[in-house]
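I have placed the structure first, in the form of structure tokens, so that the comments after it can refer back to it.
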There are 2 protein chains.
Amino acid sequence: MSKSNNVYKDAYNRCLRLLDETRSLPSEPELGTLLGVSRTTVRTILARMEETGLIAWNKRAKTVLREPLPDDFFPEEETDTLAEIIERSFMRRLLAGGAEAGMQINELELAREIGVGTTSVREFLIRFSRFGLIEKRRNSHWVLKGFTRAFALELTEIREMFELRSAAAFAALPQDSAVWTDLDRLEDEHRQLANDIAARFTEFSELDERFHRLIHRASRNRFIVDFYDVIAMIFHYHYQWNKAQERERNEVAIGEHLVYIEALKSRDLGKVDAACRKHLKSARQTLLTSIPESRSLQKH
Amino acid sequence: MSKSNNVYKDAYNRCLRLLDETRSLPSEPELGTLLGVSRTTVRTILARMEETGLIAWNKRAKTVLREPLPDDFFPEEETDTLAEIIERSFMRRLLAGGAEAGMQINELELAREIGVGTTSVREFLIRFSRFGLIEKRRNSHWVLKGFTRAFALELTEIREMFELRSAAAFAALPQDSAVWTDLDRLEDEHRQLANDIAARFTEFSELDERFHRLIHRASRNRFIVDFYDVIAMIFHYHYQWNKAQERERNEVAIGEHLVYIEALKSRDLGKVDAACRKHLKSARQTLLTSIPESRSLQKH
DNA sequence: ATATTGTCTTTTATCGTGAAAAAACAGTTT
DNA sequence: AAACTGTTTTTTCACGATAAAAGACAATAT
């Protein structure tokens with residue numbers, strides 16, 4: 001079992017949805033770009049669709065024979081990349097508690113527990129190390145630094161520095177820049193979400209990420225843009241884990257975002273700065289309160 | 001050939017130097033901490049030293065029989081880690097030119113060229129990606145972003161942001177903090193180097209790194225501290241590569257450092273800010289002028 | 001009692017291997 | 001001739017295996 005075919009399975013599922021919508025399929029290369037995979041994978045997908053009687057396929061003639069049924073889809077869990085599987089397992093252990101700062105991380109044990117090879121775990125840990133939660137001892141094991149209060153403070157310090165600068169850069173962007181239409185669209189989505197907050201409050205985290213990424217991109221600095229990956233990762237797990245008053249928190253955040261958006265549109269640097277600070281301060285507060293005392297007392 | 005024994009060879013060489021200085025050897029565990037290796041490696045070292053007639057070894061009795069000769073040492077190139085070897089090869093290719101932005105990086109080709117396995121190259125690329133010079137396309141190859149003017153500007157922008165903040169934090173440190181003695185020692189080393197600049201100007205780069213790392217550490221923020229790795233890496237290769245007016249540049253930098261150190265010691269935030277800005281501005285200038293026009297015109 | 005050595009076990013680092021996926025090339029169709 | 005399909009080659013991804021190095025444990029010496 002050297003490599004799972006999750007790329008194919010995921011693309012297959014997405015292709016089924018496409019089929020359901022458009023009731024027809026374009027050429028192989030076009031389908032490739034549409035699904036973000038190579039033509040090799042596209043052909044594997046088409047071959048299977050022919051086999052299961054979804055389509056008739058003869059060279060460029062692709063006829064849809066029936067609509068896709070739930071059974072045609074591959075199970076969701078088979079479409080995840082190994083990296084995602086490892087990350088989830090790792091974060092679950094980390095947040096489930098019992099993961100004290102200073103504890104050492106064993107590659108072999110992790111690999112066995114998750115049921116993957118050591119190479120994948122090693123590569124994951126190397127990639128993960130940039131989040132600042134683990135650290136490698138030279139020719140030795142990894143050490144867990146812990147999801148502590150100190151970590152949250154260091155993270156938010158950088159976030160605030162970067163976002164204030166990005167927001168200022170954003171406000172200074174010329175009128176004809178495409179970001180202003182992006183911002184209008186986001187504003188709209190915020191208003192719609194606010195109007196139906198009771199039912200849709202869980203959708204906020206995704207919107208939040210898109211909004212902040214748009215702002216960070218205005219910095220035109222790869223280090224700032226890339227740093228948002230760290231923030232996004234932390235907030236992603238934080239949202240999953242801390243459900244207390246989620247609705248209220250999100251409602252407040254939407255309000256702050258709208259003020260922030262107005263400030264950006266006014267291009268008044270003073271207003272932008274104030275709105276940005278206010279929002280980041282409450283975001284930090286939310287993150288901090290979600291760290292249990294036992295955790296925050298750990299040494300770093 | 002699954003794993004080279006460079007850890008042993010490097011520790012062996014360092015142990016020879018120790019032997020030469022102290023003419024005696026401590027216990028195995030102590031030697032282990034001294035050399036930064038496990039006792040297993042220490043015992044391998046001792047076994048070889050006995051074999052080559054350097055020492056007599058019987059349990060805790062270790063008698064030095066003769067002094068180490070140049071021939072006793074392992075060749076320097078056998079003491080490098082694989083990661084170092086790969087990094088050097090990679091950077092040589094990158095700086096040797098012909099490495100245009102947008103060019104794709106081939107793991108297999110790199111591995112074959114350097115004569116190592118693909119796994120090591122992959123791990124290197126993942127680690128290296130945090131420097132912002134390469135980027136991975138999802139389920140596909142790596143892309144070189146190029147050592148461009150844009151890169152240098154983005155790097156220095158963050159550097160300046162971080163160092164100004166760290167310097168301010170440094171100046172605010174209490175009188176009894178250990179950093180002040182570290183700073184005094186560094187000041188001294190700067191003065192000594194300045195006095196013998198003609199002969200020792202190449203030693204500056206190492207001193208420069210220690211000085212800036214001391215300042216960054218005052219931020220007490222892991223992201224700021226870690227970011228210095230990016231700067232250090234770039235400057236390390238930059239120093240090797242751009243030898244134009246090295247002596248003059250270093251002399252100027254030493255002068256700026258001394259003013260900077262005085263400012264820190266005065267604890268006057270205005271002075272600190274000014275000295276820091278001045279030095280970082282000239283550091284940026286040095287880096288920028290070392291990027292040839294052809295490079296700076298590359299798309300990013 | 002504590003530190004040190006001898007021995008054994010576990011973990012890390014690296015490679016070669018093979019399947020999945022991408023990419024290149026050549027031949028067809030419109 | 002431009003875009004598409006069929007076929008072949010190359011590259012990436014992930015694994016198990018193995019030597020180097022670390023670490024654990026028991027026996028021994030101060």
Side-chain angles (χ1 to χ4, degrees), chain A residues 1-11 26-32 35-47 57-62 81-83 85-86 104-112 115-126 136-142, chain B residues 1-11 26-32 35-47 57-62 81-83 85-86 104-112 115-126 136-142:
Chain A
M1 195 234 293
S2 68
K3 190 181 177 181
S4 92
N5 54 356
N6 67 78
V7 172
Y8 153 67
K9 286 178 176 170
D10 180 52
S27 75
E28 294 172 16
E30 202 173 329
L31 205 47
L35 298 170
V37 295
S38 74
R39 200 157 68 82
T40 308
T41 306
V42 168
R43 287 174 66 85
T44 319
I45 291 171
L46 291 173
W57 178 30
N58 186 353
K59 306 199 170 171
R60 42 194 86 190
K62 304 178 197 81
T81 58
L82 239 204
I85 294 168
I86 297 174
Q104 79 184 57
I105 297 162
N106 188 319
E107 290 177 6
L108 202 61
E109 188 189 317
L110 247 179
R112 272 195 294 246
V116 298
T118 47
T119 314
S120 316
V121 170
R122 279 175 68 76
E123 289 182 4
F124 164 75
L125 291 171
I126 296 170
K136 178 125 179 78
R137 290 286 136 85
R138 206 167 167 291
N139 357 301
S140 187
H141 50 64
W142 291 86
Chain B
M1 194 235 293
S2 68
K3 190 180 177 181
S4 92
N5 54 356
N6 68 78
V7 172
Y8 153 66
K9 286 178 177 171
D10 180 53
S27 76
E28 295 173 18
E30 202 172 328
L31 205 47
L35 297 170
V37 295
S38 75
R39 199 158 69 82
T40 308
T41 306
V42 167
R43 286 173 68 86
T44 319
I45 291 171
L46 292 174
W57 179 31
N58 185 354
K59 305 201 170 173
R60 42 195 87 190
K62 303 177 198 81
T81 59
L82 238 205
I85 294 168
I86 297 174
Q104 79 183 59
I105 296 163
N106 189 319
E107 288 177 8
L108 203 60
E109 189 190 315
L110 250 177
R112 272 195 294 246
V116 298
T118 47
T119 315
S120 315
V121 170
R122 280 175 67 76
E123 288 183 5
F124 165 76
L125 291 172
I126 295 170
K136 178 129 181 72
R137 291 286 135 86
R138 207 166 165 290
N139 1 300
S140 185
H141 49 62
W142 290 87

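Naming convention: chains lettered A, B, ... in sequence-line order (proteins, then strands); numbering from 1 in each chain.
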Item to check | Residue closer to the 5' end of DNA chain D, B:S2 versus A:W57 (nearest nucleotide) | outcome: A:W57

Next on the checklist: Pick the closest DNA chain D nucleotide for A:N6 and for A:A61 by heavy atoms, then say which residue is nearer the 5' end.
Outcome noted: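 Counting from the 5' end, the first nearest nucleotide belongs to A:A61.
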
Looking at side-chain heavy atoms only, is the closest gap between [X] and [Y] below 4.5 Å?
X      : Y      : result
A:L35  : A:I45  : yes
A:I126 : A:W142 : yes
A:V42  : A:L46  : yes
B:K62  : B:L31  : no
A:R39  : A:P29  : yes

[N] OP1/OP2 closer than 4.0 Å to side-chain N/O of [X]:
X      : N      : value
B:K136 : D:dC13 : yes
B:N106 : D:dT10 : no
B:S140 : C:dA23 : yes
B:S4   : C:dA13 : no
B:S120 : C:dC15 : yes
A:H141 : D:dG23 : yes
B:N139 : C:dA22 : yes
A:R43  : D:dT5  : no
B:S27  : C:dT4  : yes
B:S38  : D:dA22 : yes

May I have the distance from [X] (atom [atom1]) to [N] (atom [atom2]), rounded to whole angstrom?
X      : N      : atom1 : atom2 : value
B:E109 : D:dT10 : CD    : P     : 12 Å
A:R122 : D:dA14 : CZ    : P     : 15 Å
B:Q104 : D:dT10 : CD    : P     : 14 Å
A:R112 : D:dA17 : CZ    : P     : 13 Å
B:E123 : D:dC13 : CD    : P     : 13 Å
A:D10  : C:dA22 : CG    : P     : 11 Å
B:R39  : C:dT9  : CZ    : C1'   : 14 Å
A:K62  : D:dG6  : NZ    : C1'   : 13 Å

Nearest 0.5 angstrom please: [X] [atom1] to [Y] [atom2], how far?
X      : Y      : atom1 : atom2 : answer
B:E28  : B:K59  : CD    : NZ    : 12.0 Å
A:R43  : A:W57  : CZ    : CH2   : 4.5 Å
B:L125 : B:H141 : CG    : NE2   : 13.0 Å

What's the closest nucleotide to the side chain of [X] if the choices are [options]?
X     : options                : answer
B:T41 : C:dA22, D:dA22, C:dA19 : D:dA22
A:N5  : C:dA21, D:dA19, D:dT11 : C:dA21
A:P29 : C:dG6, D:dC15, D:dC4   : D:dC4

Using a cutoff of under 3.5 Å, can you pull out all pairs of nitrogen or oxygen atoms linking the protein to nucleotides 28-30 of chain D, with atom names and distances?
none

Checklist entry - side chain to side chain contact (heavy atoms under 4.5 Å, CB included) with B:S120: which residues, sequence neighbours excluded? => result B:L82, B:I86

Checklist entry - For B:L125, which contact category applies under a 4.0 Å heavy-atom criterion: base, sugar-phosphate, or nothing? => result nothing

Checklist entry - With a non-hydrogen cut-off below 4.0 angstrom, is A:L31 in contact with a base, only sugar-phosphate, or nothing? => result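 No contact.
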
Checklist entry - Which atom pair, heavy atoms only, marks the closest approach of B:T44 to B:T40? => result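 Heavy atoms of B:T44 and B:T40 come nearest at OG1-O, 2.8 Å.
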
Next on the checklist: Looking at every non-hydrogen atom in both residues, tell me the closest pair between A:G36 and B:N139 and how far apart they are.
Outcome noted: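 Closest pair (atom of A:G36, atom of B:N139, distance): O-ND2, 4.5 Å.
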
Next on the checklist: For a quick check, tell me whether the side chain of B:T40 and the base of D:dG23 share a donor-acceptor pair closer than 3.5 Å.
Outcome noted: yes

Item to check | Closest-nucleotide ordering on DNA chain C, the 5'-leading residue of A:Y8 and A:E107 | outcome: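 Counting from the 5' end, the first nearest nucleotide belongs to A:E107.
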
Next on the checklist: Using C1' atoms of five pairs at each end, report the bend of the helix from C:dA1-D:dT30 to C:dT30-D:dA1 rounded to 10 degrees.
Outcome noted: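 One end axis against the other gives 30°.
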
